[in-house]
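Lettering follows sequence order; numbering is per chain, from 1.
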Amino acid sequence: MTIPPNADDLPSRYDPAQADAPLYEAWESSGVFGVTPDSSKRAGGTADPFVIVMPPPNVTGVLHMGHGLNNSVQDVLMRWRRMSGDAALWLPGTDHAGIATQNVVERQLAVEGKTRQDLGRDAFLDEVRTFVAEKGGVILRQLRAIGASCDWKRTAYTFSPELSRAVREIFVRWYEDGLIYRGHRVTHWCSRCLTALSDEEAESHPAQGLMYHVRYALASDAARGIIVATTRPETMFGDVAIAVHPEDSRYAGMVGKQVINPANGAKIPVIADSYVEREFGTGALKITPAHDANDFEVGKRHKLKMPIILSPEGFVVEGTDAAGRVPAEYVGLERFDARKRVAKELERSGALVKSEQHHHSVRKCYRCDTVVEPRLSDQWFVKMAPLAAPALQAVKDGRVRILPERWEAVYVNWMENIRDWNISRQIWWGHRVPVFYCQSPATGCPAHFASRDDAPACPACGGATRQDEDVLDTWFSSQLWPFSTLGWPDKTPDLAAFYPTDVLVTAPEILFFWVARMIMSGMYVTRSTDNPDGVAPFHSVYLHGTARDAQHRRMSKSLGNGIDPLDVVDAYGADALRWTVIAGMGLGSDLLLDHENIEQSFAPGRNFATKLWNIGRFLLLQVGTVPVRSLSDISDAELAPADHWILGRIDAAIAAADTALGPARPADGNAWRPDELRQGLRLDEYAEAARAFVWNDLADWYLEHAKTRLQPGHAEREVTRALLVHAFDRALRLLHPVMPFVTESLWKKLPGRDRSELLARASWPAADRRSAGAAADEFDAARSAISAIREIRSDYAVPAGQIVQAALSGTAPLRSAAAAREAAFIARVARCELVAEAAVPPGAAARRVLAGGVEVVVSLEGVVDLGRERDKLSAELDQLQTQLDALRVRLANEKFTSKAPAAIVEAERTKEREWATRAAQLVAKLTALGGA
RNA sequence: GGGCGGUUAGCUCAGUUGGUUAGAGCGCCACGUUGACAUCGUGGAGGUCACAAGUUCGAGUCUUGUACCGCCCA
């Protein structure tokens, strides 16, 4: 005989601080998170692969709530699929984060008064590597604290030798395919980071600024002029023309004439270009080709000079083609100082017609918030249109779905208007552009060429080469993540087994930065003669919301409104954190957390873990540790109505969870069918379904009911023990993906369980279909009776300790008989004594007619207020009568009965009969109470 | 300026192909410690589904317009 645990072994609360870490250790050391390629169906195994690649956090980053949310979602999916028998791979890793990491190290150097240039490229890179070695990877350890079930052996890094090889490979392929080219054009330039940025990296921010209206006088006739509006008068030194619309009658006579730039006295032509919008501003534009992307295009069309008048650092200079254009007193002025000074000077000279407040947007560097400057330079670009076409089609065909749906429209809109991608950065930390130049170019030597090898010889003359100084956009390497992490460009077993992956879980902010580019590059590298479009790297993109505070502001360091996930883990446990983010976040909605009231945000999760823990505690204390009979060995005849009922509830909960989470992949293996395109990934609905089952069915009803049957010597004790353990086992399995720690902790303790077994590798539950509906309905009749008696007690404020007399009867004898069979249960939980109806004094009783045909009468001798009971019944009757009248009008309407579907009409007729019966019963009760 | 979404209970949100008594969690109110759990239990209040018009036997759900809020891109 096994000795049952005693209450001292089981405190009344789960203690995550003590229990969580050893559980994680047990999972990790058991290898349950690991998966080998040979288990995948694609590589000769038997299991469907299910793969998620983790959006790699910055290598030196630390965990914030966004990571907590992002990784909780992924872990729920991974644990669900792992339990479902898939070859489940969650591949973790980090991103070298070019500009961001370089900035951090540069700031450290700045404290010592040094710049990266002081150190030189090699020494600086050593400095960054040292920093990454010291600080890097912290976030991966932090992810373990929230329970992330990654296959850590495969931890990848975008700047590792292996992934760097993938970067070179695709660069060279694209270069050789003509998809990468050198472009001389205006790009966004960050004067603090000293690098060009992509369009996506220069974020628009609303701004309030001054719009200056400046008059450019005609050189031949100072009395005439053109007024131009600009927000950046400092760029006037770089003006090379004034452009008007060719059909604009206001300026018809001026085209071809010269005007004088009031900022520097230079004579510049008035040109006509249909790019100018006549309705906008004065209808005339100053053209500064080197410092505005649109002006650059105009300048190209008109073969204008492109003087650069700002230094890379943002100071006024006479740069390329600008000799003589900048008055000496402006040289060396910071751009915003120069703006003020130019404006002042224009005002003094009378050229400034007016200046007015103006709403516009300015673009800022996404890494340092510096206002970016459009600047002419030579950069490497990827030609996007050929790559975008198949990636757009894949989404339109349903080979890739984007959830929530509205982001799909955003994706389509972006892809249809895609612009070329500037991939070169003038920083040092990153993959160096693998383009080489001949050191002593002779006739026949290429201007440049791309190479997989370092220091290749010039292919034409065989001479020495030098490598391009620039490095690649950090997103250039992360776009390869779904296949570079699996060994591409080699044909590895991993790549065969796990590409394509399944779900990509991330935030909408990086839909273009990362997701779209992964689809494009993933399809590109998997093109074949059989499949010219290639294979998209995942079939589902799940875009989750943002962590925000109670005022809906994005959580951020600068606002100080963040919540540290690790603080939450310490105070409430990882399960509570996960519960809050999963249960609290509908598909696509933001997660609102009040940083000033952590308790309100995370207590529900902790409370639920406590509830679960106490169900387990009750079960272990009452059921003991002796193994229980298996459900399949118990005959239907041994099952009580309550058993049938809980078995039905289990099946319903499993079905609800499966519907909320799945399908895991498209049924036909290629594209989503329209009917399944928007299904699944409702993690909050899954969590709620599991919670409702555990709390509202198992704990509130079945467990209460079991208390009597578990008494030592009770004939049904063994069946009850078995059913309780079965139900709780199913509950723990269902909840494991969202609350892995407390469920694992409890599951190990269930009777008959071998301590070495892990819930993390147990099977996901499937419906038993043992529940007989009629038997379950009997238990429902008892539940209804209990609720009715409780309502009556509450209505009449019967003291909680007082036992009342109650009788069950009604028009549905079977149901009332069934309810009567649960008399002991009803009596105990409704705190009543069940008597014959005749024993209840008619004048001092409250009655309820229940939907199932059971009628409940509660004797309230000395408590009941007859008038109040009459009012109550009248009110109920009134409401019912109103609805019944409306129903009868509807049924009397010939248009309804003839046009509505027969099934609907029949349902309405059935309802009419039921309501009429119930109304008649209510009338009878009222009459009995002396009412009208 | 172009594209897209939203407005349902005090708060945050569900609400399937239109089917007629609109749901949940949290919060709120009342009562309560009955041997798993007060991080709990029992009961309750609370919504003319933003507004207007239309389609329909029937509209939270479809159409159009208005107001307000938000997102993406310029």
OG on A:S745 to CE on A:M739, rounded to 0.5 Å: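 Going from CE on A:M739 over to OG on A:S745, the span is 12.0 Å.
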Polar contact flag, side-chain donor to acceptor under 3.5 angstrom, A:Y275-A:D295: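 Judged by distance alone, the side chains do not pair up.
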Any side-chain donor near an acceptor of the partner, A:R890 and A:N893, under 3.5 Å: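 No, A:N893 and A:R890 have no side-chain donor paired with an acceptor closer than 3.5 Å.
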If I pick the [atom1] atom on [M] and the same atom on [N], what distance separates them, to the nearest angstrom?
N	M	atom1	value
B:rU42	B:rC4	P	49 Å
B:rA45	B:rG54	P	36 Å
B:rC69	B:rG27	C1'	24 Å
B:rU66	B:rC28	C1'	35 Å
B:rC13	B:rU8	P	9 Å
B:rA9	B:rA24	P	14 Å
B:rC49	B:rA14	C1'	13 Å

Heavy atoms under 4.0 Å, any strand shown: does [X] hit a base, just sugar-phosphate, or nothing?
X	answer
A:E704	base
A:R606	base
A:E894	nothing
A:P508	nothing
A:A797	nothing
A:L703	base
A:R363	sugar-phosphate
A:H360	nothing
A:F608	nothing
A:W695	sugar-phosphate
A:S589	nothing
A:A900	base
A:R793	nothing

Passing candidate, ring pair (Phe, Tyr, Trp, His ring centres under 6.0 Å) with A:F512, options A:Y366, A:W414, A:W407: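 Exactly one pass, corresponding to A:W414.
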Atom NZ of A:K895: over 12 foreign heavy atoms under 6.0 Å: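 Open.
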Heavy-atom donor-acceptor pair, A:E676 side chain to A:A667 backbone, under 3.5 Å: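 Checked: pair present.
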Quiz item: A:W915 side-chain donor-acceptor pair to B:rU21 base, under 3.5 Å: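 Answer is yes: a donor-acceptor pair is held.
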Nucleotide of [options] approaching [X] most closely (side-chain heavy atoms):
X	options	answer
A:Q600	B:rC40, B:rU20, B:rC26	B:rC26
A:A800	B:rU21, B:rG32, B:rC37	B:rG32
A:T610	B:rU21, B:rU12, B:rU39	B:rU39
A:R790	B:rG43, B:rA36, B:rC73	B:rG43
A:R406	B:rC37, B:rU42, B:rC4	B:rC4
A:R419	B:rG43, B:rA74, B:rC26	B:rA74
A:F512	B:rC73, B:rA36, B:rA38	B:rC73

Whichever of A:K895 and A:I904 has its nearest RNA chain B nucleotide further upstream toward 5':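 Nearest-nucleotide comparison on RNA chain B picks A:I904.
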A:R890 or A:G584, whichever maps to the more 5' nucleotide of RNA chain B: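 Counting from the 5' end, the first nearest nucleotide belongs to A:G584.
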What is the distance from [atom1] of [X] to [atom2] of [N], rounded to the nearest Å?
X	N	atom1	atom2	value
A:L543	B:rC4	CG	C1'	14 Å
A:N696	B:rG25	CG	C1'	11 Å
A:D795	B:rA45	CG	C1'	13 Å
A:W579	B:rU39	CH2	C1'	15 Å
A:Y411	B:rC72	OH	P	18 Å
A:E676	B:rU17	CD	P	16 Å
A:E688	B:rC26	CD	P	9 Å
A:W407	B:rG70	CH2	C1'	11 Å

Using OP1 and OP2 only, check whether a side-chain N or O of [X] sits under 4.0 Å from [N].
X	N	value
A:H552	B:rU12	yes
A:K707	B:rA36	yes
A:N607	B:rC40	yes

Lys/Arg N to Asp/Glu carboxylate O, A:E416 vs A:K396, below 4.0 Å: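 A salt bridge links A:E416 with A:K396.
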Atom of A:M585, atom of A:G545 and distance for their closest heavy-atom approach: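 Looks like SD-N, 4.1 Å.
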